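To start, the structure under review is shown below, and the notes come after it.
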Amino acid sequence: MNKHQIAHILEEMADLLEISGENPFKVRAYQNAARSIDSLSEDLEELIQNNQLIEVKGIGKNIAAHVQDLLETDTFPEYEKLKKTIPAGLLECLKIPGMGAKKAKLLWKKLGVTSIEEVERACQEGKVESLQGFGKKSQEKIFQSIERSRKYEGRHLFPTVHEVAKHLLSDLRQISGVLRAELAGSLRRHTETVKDIDIVVSSASIPNVIKVFLQLPQIDQVTNKGTTKVSVILHRGINVDVRFVSEKEFPSAWHHFTGSKAHNVALRSRAKDRDMKISEYGLFHMKGKRAVPVPCKDEEVLYKKLGLDFIPPELREEMGEIEAAEKHELPVLIERADLKGCLHVHTTYSDGRGTLEEMALAAKACGLSYIGISDHSKAAHYAGGMQIADVRRQSAEIDELNAKLKGIRILKGIEVDILADGSLDYDDDVLASFEFVIASIHSRFSLSESEMTKRICTALAHPLVNILAHPTGRLLLSREPYQVNIPEVIACAAEYGKVIELNCNPRRFEIDWRWGPLMKEKGVKTVLSPDAHGPEQIANVDYGIGIGRKAWFEKKDVVNCLTVAQLLKHFSR
DNA sequence: GCCGTTTTCGGCCCGACTGTTTTCAGTCG
Ligand SMILES: Nc1nc2c(ncn2[C@H]2C[C@H](O)[C@@H](COP(=O)(O)OP(=O)(O)OP(=O)(O)O)O2)c(=O)[nH]1
Ligand SMILES: [Mg+2]
Ligand SMILES: [Mg+2]
Ligand SMILES: [Zn+2]
């Protein structure tokens with residue numbers, strides 16, 4: 001069982017405890033522990049072996065024992081016991097928006113329903129409205145909520161939502177009476193996938209602005225509407241939360257709505273320790289029961305009043321950023337302007353849509369001064385992998401283009417398949433003809449974790465390999481990562497001085513940003529790669545920057561911030 | 001269940017919205 005599966009069981013345990021009526025803080029303890037395990041940037045088994053699991057924040061003696069049980073036996077006694085008393089289908093019901101543990105339990109106890117379908121039927125048959133605490137309206141609301149969540153549930157890729165959000169934001173800014181409107185939530189924090197669009201708006205005439213906003217043509221339905229916030233669903237099937245505040249409240253509201261939740265909670269408890277209070281309305285000094293406002297003209301001041309350096313939104317995940325801000329040890333995060341070139345680009349020589357020249361010009365248009373071409377190798381039939389003769393032809397064409405083109409240097413590279421045994425898809429003499437070699441896996445995904453790890457480490461040990469690309473093969477929202485021990489791969493990359501890619505294709509966005517701090521600790525560098533299969537995809541790096549920042553990467557950690565001469569030297573070529 | 005140089009007990013972020021209630025519980029962000 002891997003840590004994500006373990007985190008999932010702990011989440012489930014929290015739900016079971018909540019339904020069973022346990023102390024809410026105990027429920028939260030399990031939720032916190034799940035979050036900690038999920039975002040752990042160390043190897044779980046190693047932590048357990050060294051008895052260091054209880055040192056992880058949010059994990060104490062009890063949950064540590066459960067985690068060890070889960071790792072060894074895929075379950076733990078308390079979990080089994082609770083599962084026997086609560087039907088599995090009831091947990092699914094908690095996914096219905098508006099349906100929490102209390103309501104689900106009541107429906108189960110009074111009506112015997114144990115699945116979403118049964119809740120739906122109970123609503124249709126009018127059995128819900130007569131229950132204590134329910135009524136006609138809430139019955140109808142539950143029914144609607146089920147229908148809606150079937151249609152609109154789930155997360156989205158970042159760029160899809162970001163495009164929609166930008167348009168919505170500019171429409172909002174044109175509404176008369178709107179002073180400021182900004183993106184918040186996971187979009188502002190640049191998470192790899194997002195659930196909804198969160199926006200904060202300031203205005204002196206909120207009721208009117210809300211009225212006009214709700215008339216925007218892209219809105220399909222309104223799901224919530226109060227005096228300070230509204231929730232809608234767009235025709236595109238994307239949920240939107242908008243919070244309306246006064247201009248004075250804007251900084252704290254923006255901060256609140258940016259999150260993450262865990263970051264907010266940690267910061268608020270820090271404020272409390274200092275006799276202060278944070279809410280979306282501002283920072284306050286507590287004088288007994290009285291809350292005296294502490295004016296904060298922007299987020300920087302807010303952090304400062306709490307004794308912290310400004311924390312960039314991408315880092316606000318409660319993953320060590322508050323401790324670092326206190327010690328003035330936050331990284332100076334990479335910015336788009338730091339990128340001097342890009343590697344990992346496909347052309348018509350394999351499965352790309354752009355010619356060499358088109359891709360080179362696209363990179364130049366993005367302000368880059370070099371572009372590293374890396375088409376697929378011969379084993380990649382699925383992607384028109386290059387035969388040796390193709391490699392020769394491409395090399396000659398690159399020479400011609402480099403003589404002809406100004407302001408962009410084309411580097412000769414390859415994305416060579418790592419075969420099942422860890423060997424590479426070309427002989428060394430062919431590999432030696434490139435200026436850089438990217439190695440990656442495109443076949444035989446279902447090896448065991450140890451086999452896969454060994455396979456990758458064998459490839460990394462090859463002296464001609466420079467970069468490991470997309471190290472888990474995940475496709476966000478569609479394909480699970482293959483099993484591989486990332487801490488071992490990072491250790492191996494450190495040993496051989498190899499680079500691990502941050503693939504900026506929005507469906508990949510990996511190596512996962514959560515491993516960034518471990519890579520930095522081990523001295524492993526990364527490269528922000530577009531993995532472009534067409535000229536417009538060079539711009540993938542624009543979105544990748546946000547993920548790179550989430551990974552705590554600085555300019556010095558990213559090899560395509562080097563000049564072409566420095567880069568080739570880094571690769572010893 | 002977790003946590004702690006103010007504490008090993010007694011806290012655990014804080015507020016909006018909805019529908020039900022007759023003053024608030026449940027759910028969510
Ligand atoms: N203080 C506090 N803030 C919260 C809480 N829940 C959510 N928030 C704030 C921080 C979140 O980033 C923000 C938006 O909530 P969302 O549910 O949309 O989550 P977020 O955008 O972070 O991620 P997601 O939408 O899932 O991609 O609201 C909470 O329980 N307490
Ligand atoms: Mg959100
Ligand atoms: Mg939201
Ligand atoms: Zn690839």
Side-chain angles (χ1 to χ4, degrees), chain A residues 10 13-19 21-36 53-67 76 78 93-107 128-142 144-145 149 184-186 194-200 206 210 222-231 239-245 249 252-253 255-284 286 291 306 318:
Chain A
L10 293 176
M13 184 67 184
D15 288 343
L16 291 168
L17 288 169
E18 198 176 5
I19 290 173
E22 257 290 357
N23 174 0
F25 295 107
K26 182 168 168 180
V27 173
R28 223 166 65 185
Y30 275 89
Q31 288 164 343
N32 290 340
R35 208 195 123 268
S36 286
L53 193 54
I54 50 165
E55 288 166 26
V56 176
K57 211 198 277 180
I59 305 211
K61 240 173 51 183
N62 289 290
I63 294 185
H66 298 335
V67 170
F76 60 96
E78 288 83 346
C93 296
L94 299 180
K95 294 210 180 83
I96 304 169
M99 173 84 65
K102 297 269 165 47
K103 287 186 186 173
K105 184 176 188 177
L106 207 83
L107 292 183
V128 174
E129 61 175 291
S130 54
L131 294 177
Q132 177 73 250
F134 290 82
K136 248 201 158 50
K137 268 188 174 170
S138 55
Q139 172 173 277
E140 178 60 19
K141 210 177 153 187
I142 292 168
Q144 297 286 343
S145 193
S149 71
S186 49
V194 301
K195 179 194 69 187
D196 61 1
I197 298 172
D198 300 294
I199 295 178
V200 185
I206 291 171
I210 291 181
V222 180
T223 54
N224 262 299
K225 176 170 153 351
T227 56
T228 71
K229 81 193 211 194
V230 299
S231 300
N239 294 41
V240 183
D241 292 330
V242 190
R243 183 76 192 251
F244 299 88
V245 298
E249 292 159 351
S252 49
H255 179 268
H256 158 76
F257 219 32
T258 296
S260 64
K261 173 182 169 175
H263 179 85
N264 285 354
V265 169
L267 217 58
R268 285 166 180 218
S269 105
R270 180 184 177 89
K272 227 173 168 172
D273 290 343
R274 292 154 190 253
D275 290 323
M276 295 196 274
K277 178 182 80 162
I278 303 176
S279 78
E280 54 263 58
Y281 295 107
L283 177 69
F284 302 88
M286 298 309 290
L306 294 164
E318 173 59 350

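Keep in mind it's a predicted model, so treat the numbers as computed, not measured. Just so we're on the same page: letters track the sequence lines, and every chain starts at 1.
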Quiz prompt | H66(A): side-chain hydrogen bond (donor to acceptor under 3.5 Å, both in side chains) partners, not counting sequence neighbours | solution = Y30(A)
Practice problem: Report yes if a side-chain nitrogen or oxygen of Y281(A) is closer than 4.0 Å to either non-bridging phosphate oxygen (OP1 or OP2) of dC14(B); otherwise report no. | Solution: no
Quiz prompt | Which nucleotide in dC14(B), dG1(B), dC13(B) has an atom nearest any side-chain atom of V265(A) | solution = dC13(B)
Quiz item: Who are the side-chain contact (heavy atoms from CB on, under 4.5 Å) partners of E140(A), not counting sequence neighbours?
Solution: Q144(A)
Quiz item: Expressed in angstrom and rounded to an integer, what is the separation of L107(A) atom CG from dT27(B) atom P?
Solution: 10 Å
Exercise. Just call it for I96(A): base, sugar-phosphate, or nothing, with non-hydrogen atoms closer than 4.0 Å on any strand.
Key: sugar-phosphate
Quiz item: Has K272(A) got a side-chain N or O lying under 4.0 Å from the OP1 or OP2 atom of dC12(B)?
Solution: yes
Quiz item: Once each nucleotide of nucleotides 20-25 of chain B is scored for protein heavy atoms under 4.0 Å, what B/S/- sequence comes out, 5' to 3'?
Solution: S-----
Quiz item: Under 4.0 angstrom, heavy atoms only, what part of the nucleic acid is I59(A) near: base, sugar-phosphate, or nothing?
Solution: sugar-phosphate
Quiz prompt | Rounded distance in Å - CD (Q144(A)) to C1' (dT18(B)) | solution = 15 Å
Exercise. May I ask you to say what V56(A) touches in the nucleic acid, namely base, sugar-phosphate or nothing, with a heavy-atom cut-off under 4.0 Å?
Key: sugar-phosphate
Practice problem: For H263(A) and R268(A), test the side chains for any donor-to-acceptor distance below 3.5 angstrom and give the result as yes or no. | Solution: no
Self-check item: Touch class at under 4.0 angstrom, heavy-atom based, for R243(A) against every strand present
Solution: sugar-phosphate
Quiz item: Checking all strands, does L267(A) fall into the base, sugar-phosphate, or nothing category for heavy-atom contacts under 4.0 angstrom?
Solution: nothing
Quiz item: Hey, does A101(A) reach any base, or is it just sugar-phosphate, or nothing, if we go heavy atoms under 4.0 Å?
Solution: sugar-phosphate
Practice problem: May I ask you to say what P24(A) touches in the nucleic acid, namely base, sugar-phosphate or nothing, with a heavy-atom cut-off under 4.0 Å? | Solution: nothing
Exercise. Examine dT18(B): is either OP1 or OP2 under 4.0 Å from a nitrogen or oxygen in the side chain of N224(A)? Give yes or no.
Key: yes
Quiz item: What residues form a side-chain hydrogen bond (donor to acceptor under 3.5 Å, both in side chains) with R270(A), not counting sequence neighbours?
Solution: E326(A)
Self-check item: Listed partners of E249(A) passing side-chain hydrogen bond (donor to acceptor under 3.5 Å, both in side chains), at least two apart
Solution: S246(A)
Quiz prompt | Side-chain N,O (N23(A)) to OP1/OP2 (dG1(B)) below 4.0 Å | solution = no
Quiz item: OP1, OP2 of dA16(B) versus side-chain N and O of T227(A): anything below 4.0 Å?
Solution: no
Self-check item: N or O in side chain of R270(A) less than 4.0 angstrom from dC13(B) OP1/OP2
Solution: no
Quiz item: Between T228(A) and dC17(B), does any side-chain N or O lie under 4.0 Å from OP1 or OP2?
Solution: yes
Quiz item: At under 4.0 Å between heavy atoms, what does K225(A) touch on the DNA or RNA strands: base, sugar-phosphate, or nothing?
Solution: sugar-phosphate
Practice problem: Starting at atom CD1 of I54(A), determine the distance to atom C1' of dG4(B), rounded to an integer number of angstrom. | Solution: 15 Å
Quiz item: Taking the same atom, P, in dT21(B) and in dA16(B), what whole-Å distance lies between them?
Solution: 24 Å
Practice problem: Using modelled atom types only, decide if a donor and an acceptor are shared between the side chain of S138(A) and the backbone of F134(A) within a distance under 3.5 Å. | Solution: no
Quiz item: Separation of N62(A) atom CG from dC3(B) atom P, in whole Å?
Solution: 11 Å
Self-check item: Contacts of K272(A) that satisfy salt bridge (Lys or Arg N to Asp or Glu O under 4.0 Å) - sequence neighbours left out
Solution: none
